[in-house]
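Reading through the structure tokens given below for one structure.
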Amino acid sequence: MSNRLKEWRRQYNDIPIPAELDDIIESALTSHTQQKHSKKRWLWPTSIVAAASIFTATVNFSPQAAKAMSEVPILKQIIEVITIDQIHEDEESKSIDVEIPEISGLENHQLETHLNQAFLEKGKQLYQEYTDSSGHLAIQSDYSIVNENNQILSIELHTFKAEASGYEQKDYLTIDKELQTVLTLPSLFTSEAYVEVISEEVKKQMKQNMANDENLIYWLDDVESFTTINREQSFFINEENHLIISFDEYEVAPGYMGVVQFEIPTEMIDELLVSDRYIH
């Protein structure tokens, strides 16, 4: 398995890569932030977006440019996500089951290559963690398509790790198939005002959920209470074209709550949107 990963790595390394992109991907795959209970969260999807911006200026498009882009006619492109390979090993005290996805069909071949390289690097990182472990460890990582239409492709990247306790993480990658670019949360809005508006809506829903179900708990009243989303908060656009904000396990609630998500009513943010191209 390690030889196969090395061969994939060699194939991707044969393609010239700008120094800036190397820095971005390397930073993404080696950095982490500490969550409650010392849980770790990979930040690589956000940096994939940053890497994509090197090759496509539309990632950070202006409101004027985005409005013009909303008039682009729909192109029927065949963009696929397949499992390039699967890492599966099962020992007495540890196991790993990792699906490595690959995107094909993007006309922006450099973007496609570097997204696939990041997928590969994550698989390699998880496998290295598995081989380095001398204790009890179970790692599972897979992906699914949460929304696909003629315009966008949204991929969910799911990772679960169990040592003394379990930890679940879901990240999302949304690609505009027509514009050949990766969407960021800031790129959907005309200003930073969305951060406060969405944060207040999330807190409102948290309070309503706890009032309706005594078994639900969100961190709103303790020392490390939730105050605001990150400007690059994990998100996806569902099949109803609504914005979904996602939080990893332990990020805003106790571990038993798992990954928690909130659907943001479009009427709460429609005046802040660059256009109704994606969310309506």
Side-chain angles (χ1 to χ4, degrees), residues 43 45-77 79 106 108 111 115 145-157 170-209 218 226-248 251-252 259-280:
L43 298 182
T46 298
S47 291
I48 286 179
V49 173
S53 68
I54 293 177
F55 301 105
T56 167
T58 55
V59 169
N60 295 312
F61 46 61
S62 67
Q64 293 79 9
K67 284 186 177 296
M69 289 171 185
S70 66
E71 305 299 325
V72 173
I74 293 176
L75 302 177
K76 294 183 179 179
Q77 298 169 325
I79 299 174
L106 288 174
N108 186 334
L111 172 61
L115 289 175
I145 307 300
V146 294
N147 186 17
E148 182 178 16
N149 53 43
N150 288 331
Q151 192 173 68
I152 66 171
L153 171 66
S154 290
I155 306 169
E156 177 184 277
L157 304 147
K170 291 182 179 181
D171 286 296
Y172 297 89
L173 180 67
T174 299
I175 300 171
D176 186 316
K177 295 161 67 174
E178 301 171 35
L179 303 179
Q180 302 281 298
T181 188
V182 178
L183 300 182
T184 67
L185 193 59
S187 73
L188 299 175
F189 297 95
T190 58
S191 71
E192 297 271 326
Y194 74 90
V195 173
E196 181 178 357
V197 172
I198 292 177
S199 298
E200 291 305 311
E201 175 61 24
V202 167
K203 286 187 280 189
K204 175 184 175 183
Q205 291 188 31
M206 286 179 172
K207 293 176 182 178
Q208 290 175 340
N209 292 345
Y218 301 97
F226 168 74
T227 57
T228 182
I229 64 167
N230 188 293
R231 67 183 300 272
E232 295 277 2
Q233 188 70 44
S234 184
F235 79 97
F236 67 95
I237 300 168
N238 67 13
E239 293 181 347
E240 288 72 40
N241 302 301
H242 296 165
L243 177 65
I244 308 297
I245 296 294
S246 182
F247 297 92
D248 288 334
E251 193 172 356
V252 296
V259 171
V260 294
Q261 299 178 336
F262 301 89
E263 181 174 321
I264 307 302
T266 301
E267 60 267 23
M268 299 293 299
I269 56 175
D270 57 354
E271 293 186 359
L272 303 175
L273 293 169
V274 168
S275 74
D276 62 356
R277 177 177 176 84
Y278 309 110
I279 300 171
H280 47 269

* **Steps toward side-chain contact (heavy atoms from CB on, under 4.5 Å) verdict (V182, L111)** => CA-CA 9 Å; V182 178; L111 172 61; 4.2 Å; yes
* To do: Check L273 against T190 and note the closest heavy-atom contact, atom names and distance.
  => O-CG2, 3.7 Å
* To do: Measure the spacing between CD1 of I244 and CD of E156 and express it to the nearest 0.5 Å.
  => 12.0 Å
* Is any side-chain heavy atom of L115 less than 4.5 Å from a side-chain heavy atom of L173? -> yes
* To the nearest 0.5 Å, how far apart are CD in E148 and CD1 in I155? -> 9.0 Å
* Does CD in E267 sit with more than 12 non-hydrogen atoms of other residues, nucleotides or ligands closer than 6.0 Å? -> yes
* L179 side chain reached by R277 side chain, heavy atoms, under 4.5 Å -> yes
* To do: Kindly give the heavy-atom pair with the smallest separation between D176 and I152, and that separation in Å.
  => CA-CG2, 4.4 Å
* Any L243 side-chain heavy atom under 4.5 Å of I198 side chain -> yes
* To do: Mind checking the CD-CD spacing from Q205 to E263? Nearest 0.5 Å is all I need.
  => 8.0 Å
* Structure fact -> Minimal heavy-atom distance between L153 and I79, with the atoms involved, is CD2-CG2, 4.1 Å
* **Atom CD of E196: over 12 foreign heavy atoms under 6.0 Å** => no
* **V252 and M206: CA distance, side-chain angles, deciding distance, side-chain contact (heavy atoms from CB on, under 4.5 Å) verdict** => CA-CA 10 Å; V252 296; M206 286 179 172; 3.8 Å; yes
* What distance do Q233 atom CD and Y194 atom OH have between them, rounded to the nearest 0.5 Å? -> 9.5 Å
* Between S246 and S234, a side-chain donor and acceptor under 3.5 Å -> no
* **From L185 atom CG to T174 atom OG1, the distance as rounded to the nearest 0.5 Å** => 10.0 Å
* Asked: Once you round to the nearest 0.5 Å, how far does CG of D248 lie from CD of Q261?
  -> 9.5 Å
* At their closest point, which heavy atom of S199 faces which heavy atom of T228, and how far apart are they? -> OG-OG1, 3.0 Å
* Check the pair F262 / Y218 against ring-ring contact (aromatic ring centres under 6.0 Å, His included), numbers first and verdict last. => CA-CA 12 Å; F262 301 89; Y218 301 97; 5.7 Å; yes
* Main-chain N/O of V197 paired to E200 side chain as donor or acceptor, under 3.5 Å -> no
* Between N238 and N241, is there a donor-acceptor pair closer than 3.5 Å when you use the side chain of the first and the backbone of the second? -> yes
* Between N149 and K177, which heavy-atom pair has the shortest distance, and what is it? -> O-NZ, 2.8 Å
* Would you mind reporting whether I269 and L188 have side-chain heavy atoms less than 4.5 Å apart? => no
* To do: Return the set of residues passing ring pair (Phe, Tyr, Trp, His ring centres under 6.0 Å) with F235 (not counting sequence neighbours), or none when no residue passes.
  => none
* Are the side chain of N147 and the backbone N or O of I237 linked by a donor-acceptor pair below 3.5 Å? -> yes
